Amino acid sequence: MTPQDAVWWKSAVVYQIYPRSFADSNGDGFGDLGGVIDRLGYLEVLGVDVIWLSPIYPSPQADNGYDISDYCDIDPVFGTLAEFDMLLAKIHECGMKLVMDLVVNHTSDEHPWFVESRSSRNSPKRDWYIWRDSRDAAEPNNWGSFFSGSAWTWDPTTGQYYLHLFDRKQPDLNWDNPHVRKAMQDIMVWWLDRGVDGFRMDVVNFISKTRGLPDAPGIPGHRFVIAVDEFVDGPHVHEYLAEMSREVFANRDGEFITVGEMPGVTPDHARLYTDPVRGELDMVFQFEHVSVDQSPTNKFEYLGLDLVVLKAALHRWQAALAETGWNSLYWQNHDQPRVVSRFGDDDPAHWAASAKALATILHGMRGTPFVYQGEELGMTNYPFRGAQDHQDLEAVNYYASVLDLGGDATAALAGLATMSRDNARTPMQWTPGCNAGFTTGDPWMPVNPNHTWLNVESQFAATDSVFAHYRTLIRLRHNLAILERGDFTPLMGQDPQIWAYTRRTPGKAILVIANCGRKARTVDVDAEWIGAGLLLGNLPDTPITPTSTTLQLAGWDARIYATGSADRSECAALDHAF
Ligand code: TEU
């Protein structure tokens, strides 16, 4: 085994907490660090290894903390540095690790760096951000913001525009300036010295823009376009990340994890980012599989799900990083709708089976699985009734821009209900009671009305809950080396309803097979699976051993079978573990 094979995060499972929606300890309606401390026992029962906290730094909260005004403190809405230290100590006591969310592409416009930068054209911090003159009395180029409108805002004090790929309150830093890079490295060192175990880095493949900031190819009917070719995986990004990793992690003892969030990343770049020899990052979040049901020019235009396309997207990434690099595995995060509503079936008759089937498919793959809060319960999208229910600035701006342009408001609201980030941000459902046990005050986001039956308390009482299934999958990840190391071979790639693949190490094999639909299906598998042992199923009467090459799969039936010595020796370890 080479040292790269031995890294701890290859058999770990990460849990993402969106602190403002997780648990509120002081009754102000916002989740906080005290709430996380109170619920650490829950995460211990689930069995996850790493907790990733979405941003908790001081922030005007224009984008719920992804607009940071001080990188070395805690926003009062979440708590204090003393509480943070206590949380970190308790996480370590429980044998878990903590990953901070670091937003390095941009700051808040209220960060002192930007305040100084915008104060004068001669400010020493002027070049820390991206300032340009107007062109023909308009924006410097045709780049659009991810949050609607232009990516440029005019600053009357100094008579120039500044660039913001996201909201106008999130000005982009100029990473070509070595002082900016050094400042970010210092911040990372500050948190590592405090004891954190790594970083999830927000849109970190956007930090290097094409020199000269050229116009992007126009799209008919669009005044501004998201200029991906001019900032995704840009000219110096690998150099800057390698430098960061060298300056921050070289000669530091400990076990760390770094994950780069990378919209639009290609497999070829991902291989470079995660090649251990190059020393840039441990893994990246790619976006291909969470884009398959969206129009390429408008994420709120829902295209419906084609399972063949979804499978191909994830299989492509399994193949791309098979030899070099490493995948992250995720269905959800705070930016994505709930997976059981999106790729599963949230009708009460199929909800639990489909949530478990999707979990089985993802956790059987090669890579490090990420679980987003509430996913382990099968939490669903929110039943939005109209524009007034949306809070996220992306949703609010999008709706306003559709109205502005005289577009179809009904279609826009339907798109928001299906795809908006608000779906992921409703409070965690702890109990069937008032506000789902999230807060004793008024929750900042409404609680999903289905908390009366979909909650932690009721799932703890059942042995066949979605939660129990996730718990088992996490134990399998810890106990079965084949899940970490086995190679990956897709089966039945063109089947529009069946998702199947094998994982193999010498002498051992597992089959993951799932029916991704309501209708029962008969599926032919290879003779090698006759006599295999069931490692995990999601329905009550799953056959323990296939007795023929024909499997009868009920709706949303998902199974993992093991052959060879895999099941006997490793299941013995499992018996022990449960
Ligand atoms: O998201 C980056 C991103 O490009 C998208 O996932 C984003 O959510 C948007 O919907 C694109 O249409 C990261 C953070 O995860 C997100 O919460 C922040 O809003 C964004 O960066 C800016 O910091």
Side-chain angles (χ1 to χ4, degrees), residues 14 16-21 52-57 59-69 71 99-109 111 114 143-149 151 163-173 184 199-207 224-228 231-234 259-265 284-302 328 330-338 342 370 372-373 390-399 401-402 412 415-416 418-425 445:
V14 184
Q16 182 192 354
I17 291 181
Y18 195 64
R20 51 160 57 214
S21 301
W52 147 28
L53 290 180
S54 275
I56 50 175
Y57 317 91
S59 161
Q61 305 287 334
D63 188 17
N64 292 358
Y66 284 88
D67 48 321
I68 299 172
S69 53
Y71 286 86
V99 161
M100 296 297 277
D101 203 321
L102 202 63
V103 186
V104 298
N105 176 69
H106 45 268
T107 67
S108 163
D109 66 338
H111 192 290
F114 189 73
W143 294 10
S145 151
F146 281 95
F147 294 153
S148 302
L163 178 71
H164 53 88
L165 295 179
F166 293 90
D167 190 60
R168 61 174 55 213
K169 287 189 68 61
Q170 295 168 295
D172 280 52
L173 283 161
M184 277 303 165
F199 302 95
R200 174 266 187 194
M201 294 173 206
D202 196 66
V203 294
V204 77
N205 64 330
F206 291 4
I207 57 175
F224 304 109
V225 296
I226 308 282
V228 286
F231 58 78
V232 169
D233 303 330
V259 190
E261 188 215 23
M262 300 201 166
V265 65
V284 305
F285 292 133
Q286 57 85 19
F287 277 64
E288 208 178 322
H289 67 298
V290 290
S291 309
V292 294
D293 53 353
Q294 303 171 337
S295 152
T297 52
N298 176 2
K299 69 179 264 193
F300 296 114
E301 199 182 308
Y302 178 60
S328 71
Y330 75 97
W331 284 133
Q332 263 181 239
N333 55 46
H334 62 291
D335 297 331
Q336 301 294 332
R338 292 285 178 181
R342 183 180 194 178
F370 285 68
Y372 176 65
Q373 67 183 42
H390 287 283
Q391 294 210 25
D392 177 28
L393 86 170
E394 180 183 49
V396 171
N397 291 358
Y398 171 70
Y399 189 64
S401 77
V402 170
L416 287 178
T418 313
M419 219 42 91
S420 90
R421 311 193 298 181
D422 285 320
N423 282 301
R425 300 176 180 186
M445 272 287 279

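Because the structure is predicted, anything quoted here is derived from the model rather than measured. All values below were derived from every heavy atom in this structure, side-chain atoms included, with hydrogens, water molecules and symmetry-related copies excluded. Counting convention: from 1, in listed order, for ligands and their atoms alike.
- Under the 4.0 Å criterion applied to side-chain N and carboxylate O atoms, Arg425 and Asp392 are assigned as salt-bridge partners.
- Aromatic pair Phe166/His106: centroids less than 6.0 angstrom apart.
- When the ring pair (Phe, Tyr, Trp, His ring centres under 6.0 Å) test is applied to Phe370, the partners found at least two apart in sequence or on another chain are Phe285.
- Within 4.0 Å of ligand 1, protein heavy atoms come from Asp63, Tyr66, His106, Phe146, Phe147, Phe166, Gln170, Arg200, Asp202, Val203, Glu261, Pro263, Phe287, Lys299, His334, Asp335, Glu394, Arg421, Arg425.
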Lys299 vs Arg421, test: side chain to side chain contact (heavy atoms under 4.5 Å, CB included). Steps then yes/no. CA-CA 11 Å; Lys299 69 179 264 193; Arg421 311 193 298 181; 4.0 Å; yes

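- Ring-centre distance between His334 and Tyr66: below the 6.0 Å cut-off.
- No salt bridge links Lys169 with Asp63; every basic N to acidic carboxylate O contact stays at or beyond 4.0 Å.
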